Visitor: 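Please read through the structure below; I'll follow up with questions.
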Amino acid sequence: MCAVIGEYNSNGILEITGTGLCPSTGLRKGIVVNIEATLRAVSGAIEAAEMMSGREVHNCWTGVGGSQINGFNSKGVVAITGKKRETREIGKEDVARVIEAARAVVIPMDRQILEVIPQTFTVDDQKGIRNPLDMIGVRLESEVHIITCTVTGGQNLVKCVNRAGFRVNALVLQPMAAGTAVLTREEIDLGVVLVDLGGGTTDVLVYAEGAPYSTFTIPAGGQQVTNDISIIKNIPIDTAEKIKIDAGCCWEGNLEDNEEIIVPGVGGRPPLSIPRSQIHAIIKPRMEEIFNMVKEKLDKLNLSRPLGGGIVLTGGGAQLSGVVELANQIFKLPARIGSPIPSADLSGLVEEYRSPSYATAIGLILEGKKREGLSGQQQGNDGRQGEKKYPELIEKFKTWLKEEFL
């Protein structure tokens with residue numbers, strides 16, 4: 001579980017001031033399977049971030065992903081009413097109506113709509129319009145990407161965060177948050193595949209022509225790699241995870257001749273020295289399987305143009321040595337590691353946090369800023385926006401004093 005705290009500085013720039021990590025055993029393939037274990041992980045991660053930033057958290061933006069997520073495309077059509085009926089000028093109300101028409105689809109009772117993301121608009125017969133505001137026409141059509149999640153999955157996640165003592169502002173799709181943090185505008189316009197290599201699942205978000213086009217999940221991730229090492233080498237999961245992080249490799253070119261690693265003994269047995277190539281022989285087939293499953297899904301998409309932005313790998317699994325080379329070979333597309341990108345609107349990204357592991361959490365900060373429509377000036381021009389740590393408690397105390405003594 002990863003938590004990040006962002007704070008506006010005196011110049012109105014969002015600055016990362018605290019991060020926290022906490023092991024979680026309450027999630028399986030992105031779905032809550034143990035409420036108590038998950039809320040402990042949430043509390044641990046946020047408390048660690050609070051200690052670093054010196055601020056107290058009340059609300060948070062929460063990422064959701066895994067096998068409970070599904071995405072599909074939809075269309076909506078409306079007649080343009082316009083501000084001035086004689087000119088048929090498209091206004092915000094028309095755009096809102098056509099997006100609402102596109103989201104009016106039948107979904108199973110056990111699912112809820114998480115996001116409705118506009119892709120392109122068509123005014124009369126003119127296609128490929130990004131922003132139709134103030135254009136003149138008679139008929140407005142929209143194409144949107146709708147992301148749904150299971151009702152129970154979303155409710156359980158919110159319940160965990162609430163019971164940990166925090167309020168969820170909104171659930172945000174994890175790959176979308178990660179994309180906000182690691183993708184460039186050029187990549188999104190060209191078409192790019194974001195592959196979030198998580199623990200239990202691999203979440204994939206495909207951008208085409210500047211907008212999300214497809215969302216899907218592969219039910220395998222870094223945890224399966226760890227399990228393979230644990231089973232084949234007869235070592236505990238914790239030891240296998242450490243070996244994967246420290247010595248894991250999925251590309252032959254990154255191995256050195258006669259390179260060996262130490263595998264701790266179990267039950268008092270002495271440690272063993274084994275060639276690093278043995279760990280490579282365990283990891284590579286599993287990573288190939290994950291990438292081939294992603295490629296199989298991509299090949300079924302009806303894309304109008306090639307994915308010029310290539311493949312961007314993020315998440316904890318993207319730190320595995322040789323993962324870029326393996327992705328290049330399998331996808332036949334340029335690949336890179338996706339780490340949070342510093343910008344004019346975001347600072348405080350020291351080298352430690354510019355890691356694929358923090359991509360989703362950093363992206364949640366940016367998504368929260370965008371959705372709230374806040375600027376640094378709104379938060380306080382003197383940089384003291386975090387001084388009121390207990391606003392609700394103070395207001396309740398004031399009310400109590402008035403009732404009792406005034």
Side-chain angles (χ1 to χ4, degrees), residues 1-2 21-34 36-38 40-41 44-45 63 65-69 153 174-175 195-204 216-252 254-255 259-267 269 271-297 313-327 330 337 355-357 359-360:
M1 196 70 69
C2 178
L21 288 174
C22 186
S24 174
T25 58
L27 294 171
R28 184 174 299 157
K29 297 189 183 300
I31 298 174
V32 176
V33 294
N34 187 317
E36 293 297 325
T38 304
R40 283 197 300 270
S67 56
Q68 59 192 332
I69 295 298
Q174 288 180 0
V195 181
D196 188 353
L197 295 161
T201 61
T202 298
D203 298 331
V204 182
F216 58 88
T217 298
I218 303 300
Q223 188 60 45
Q224 279 66 41
V225 176
T226 303
N227 291 341
D228 291 345
I229 298 172
S230 174
I231 292 169
I232 294 173
K233 289 302 176 184
N234 296 315
I235 55 177
I237 290 289
D238 293 345
T239 304
E241 178 70 16
K242 189 174 187 305
I243 289 174
K244 180 186 77 173
I245 294 172
D246 295 341
C249 180
C250 57
W251 187 253
E252 298 90 336
N254 291 5
L255 295 174
E259 190 176 6
E260 297 200 346
I261 61 172
I262 303 298
V263 177
V266 179
R269 300 183 184 91
L272 295 175
S273 178
I274 63 170
R276 189 184 177 203
S277 57
Q278 290 187 11
I279 302 300
H280 162 265
I282 298 170
I283 293 175
K284 185 180 178 183
R286 178 65 76 177
M287 294 302 297
E288 285 180 332
E289 179 191 23
I290 292 172
F291 284 159
N292 280 320
M293 291 169 74
V294 173
K295 187 176 186 298
E296 186 179 343
K297 294 264 191 181
L313 305 168
T314 190
Q319 299 177 94
L320 200 60
S321 175
V323 71
V324 170
E325 292 83 355
L326 186 63
I330 292 176
I337 300 295
S355 161
S357 297
T360 298

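Bear in mind that the values here come from a model prediction, so they are computed numbers and not experimental data. Numbering starts at 1 and runs along the sequence shown.
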Visitor: Could you tell me whether the side chain of Arg269 and the main chain of Val266 form a donor-acceptor pair under 3.5 Å?
Guide: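 Yes; judged by distance alone, with no hydrogens or angles, the pair exists.
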Visitor: For a side-chain contact (heavy atoms from CB on, under 4.5 Å) check, start with the C-alpha distance between Leu255 and His280, then their side-chain angles and the critical distance, and finish with the verdict.
Guide: CA-CA 9 Å; Leu255 295 174; His280 162 265; 3.9 Å; yes
Visitor: So which atom in Ser357 and which in Gly316 form the shortest heavy-atom distance, rounded to 0.1 Å?
Guide: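 Nearest heavy atoms, Ser357 then Gly316: OG-CA, 3.7 Å.
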Visitor: What is the distance from atom CD of Gln224 to atom OG1 of Thr201, rounded to the nearest 0.5 Å?
Guide: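 The OG1 atom of Thr201 is 9.0 Å from CD of Gln224, to the nearest 0.5 Å.
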Visitor: First locate atom CZ of Phe291, then atom CD1 of Ile218, and finally report the distance between them rounded to the nearest 0.5 Å.
Guide: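 One finds 11.5 Å between CZ of Phe291 and CD1 of Ile218.
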Visitor: Looking only at atom types and distance, does a side-chain atom of Thr38 sit under 3.5 Å from a main-chain N or O of Gly26, one as donor and one as acceptor?
Guide: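 Side chain of Thr38 to backbone of Gly26: a pair is present.
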Visitor: Let me confirm one number: the CD1-OG1 distance from Ile282 to Thr226, rounded to the nearest 0.5 Å.
Guide: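 With rounding to 0.5 Å, CD1 (Ile282) is 11.0 Å from OG1 (Thr226).
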Visitor: When rounded to the nearest 0.5 angstrom, what distance separates OG in Ser321 from CG in Asp246?
Guide: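 It comes to 12.0 Å.
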Visitor: Do the non-hydrogen side-chain atoms of Arg40 and Cys22 ever get within less than 4.5 Å of each other?
Guide: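 Not in contact.
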Visitor: Pair Gln278, Ile232 - check side-chain contact (heavy atoms from CB on, under 4.5 Å), show working.
Guide: CA-CA 10 Å; Gln278 290 187 11; Ile232 294 173; over 6 Å; no
Visitor: Can a side-chain donor-acceptor contact be found between Asp203 and Thr217 if the only test is distance below 3.5 angstrom?
Guide: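 A pair is found: one side chain offers a donor N or O, the other an acceptor, under 3.5 Å apart.
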Visitor: For Ala41 and Ser24, which heavy atoms make the closest approach, and how far apart are they?
Guide: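 So the minimum-distance heavy-atom pair works out to CB-CB, 3.7 Å.
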Visitor: Would you sort out whether Leu320 and Leu326 count as a side-chain contact (heavy atoms from CB on, under 4.5 Å), showing the intermediate values?
Guide: CA-CA 11 Å; Leu320 200 60; Leu326 186 63; over 6 Å; no
Visitor: Looking at every non-hydrogen atom in both residues, tell me the closest pair between Pro219 and Met293 and how far apart they are.
Guide: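 Answer, listing the atom of Pro219 first, then Met293: CD-CE, 4.1 Å.
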Visitor: Between Arg276 and Ala247 (side chain of the first, backbone of the second, donor and acceptor by atom type, cut-off under 3.5 Å), is there such a pair?
Guide: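 Answer holds: yes.
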Visitor: Taking NZ in Lys242 as the centre, count heavy atoms belonging to other residues, nucleotides or ligands within less than 6.0 Å. Is the count above 12?
Guide: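 No, the 6.0 Å shell around NZ holds no more than 12 heavy atoms from other groups.
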Visitor: Dump the intermediate steps for side-chain contact (heavy atoms from CB on, under 4.5 Å) on Glu288 and Lys284, then the final yes or no.
Guide: CA-CA 6 Å; Glu288 285 180 332; Lys284 185 180 178 183; 3.1 Å; yes
Visitor: Can you confirm whether Val323 sits close enough to Ile337 that some side-chain heavy atom of one is under 4.5 Å from a side-chain heavy atom of the other?
Guide: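 Contact flag for Val323/Ile337 side chains = yes.
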Visitor: Can you see which heavy atom on Ala318 is nearest to which on Leu197, and at what distance?
Guide: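 Closest heavy-atom pair between Ala318 and Leu197: N-CD1, 3.8 Å.
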Visitor: Which atom pair, heavy atoms only, marks the closest approach of Asn254 to Cys249?
Guide: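 That closest heavy-atom pairing would be CB-SG, 3.7 Å.
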Visitor: Hey, what do you get for OG1 (Thr25) to CG (Asn34), rounding to the nearest 0.5 Å?
Guide: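 If we round to the nearest 0.5 Å, Thr25:OG1 and Asn34:CG are 6.0 Å apart.
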Visitor: Is a side-chain donor or acceptor of Lys233 paired with a backbone partner of Val263 at a separation under 3.5 angstrom?
Guide: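 Side chain of Lys233 to backbone of Val263, a donor-acceptor pair under 3.5 Å: no, none is there.
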Visitor: Are side-chain N/O atoms of Thr360 and Gln174 paired as donor and acceptor at under 3.5 Å?
Guide: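 No, no side-chain donor-acceptor contact under 3.5 Å.
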Visitor: Could you measure the distance from the NZ atom of Lys244 to the OG1 atom of Thr239? Nearest 0.5 Å is fine.
Guide: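 Going from the NZ atom of Lys244 to the OG1 atom of Thr239 covers 13.5 Å.
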Visitor: Step through the shown structure and confirm whether more than 12 heavy atoms of other residues, nucleotides or ligands are within 6.0 Å of CZ on Arg28.
Guide: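 No.
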Visitor: Which pair of heavy atoms, one from Ala220 and one from Thr202, lies closest together, and at what distance?
Guide: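 Looks like O-OG1, 2.7 Å.
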Visitor: When you compare the side chain of Asp228 with that of Ile283, does any pair of heavy atoms fall below 4.5 Å?
Guide: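 Of all side-chain heavy-atom pairs linking Asp228 with Ile283, none is under 4.5 Å.
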Visitor: Any non-hydrogen side-chain atom of Ile235 less than 4.5 Å from a side-chain atom of Ile243?
Guide: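 Counting from C-beta outward, Ile235 and Ile243 do come under 4.5 Å.
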Visitor: Let's go through Asn227 and Gln223 carefully: what are the C-alpha distance in whole Å and the side-chain angles of both, what is the deciding distance for side-chain hydrogen bond (donor to acceptor under 3.5 Å, both in side chains) to 0.1 Å, and is it a yes or a no?
Guide: CA-CA 6 Å; Asn227 291 341; Gln223 188 60 45; 3.2 Å; yes
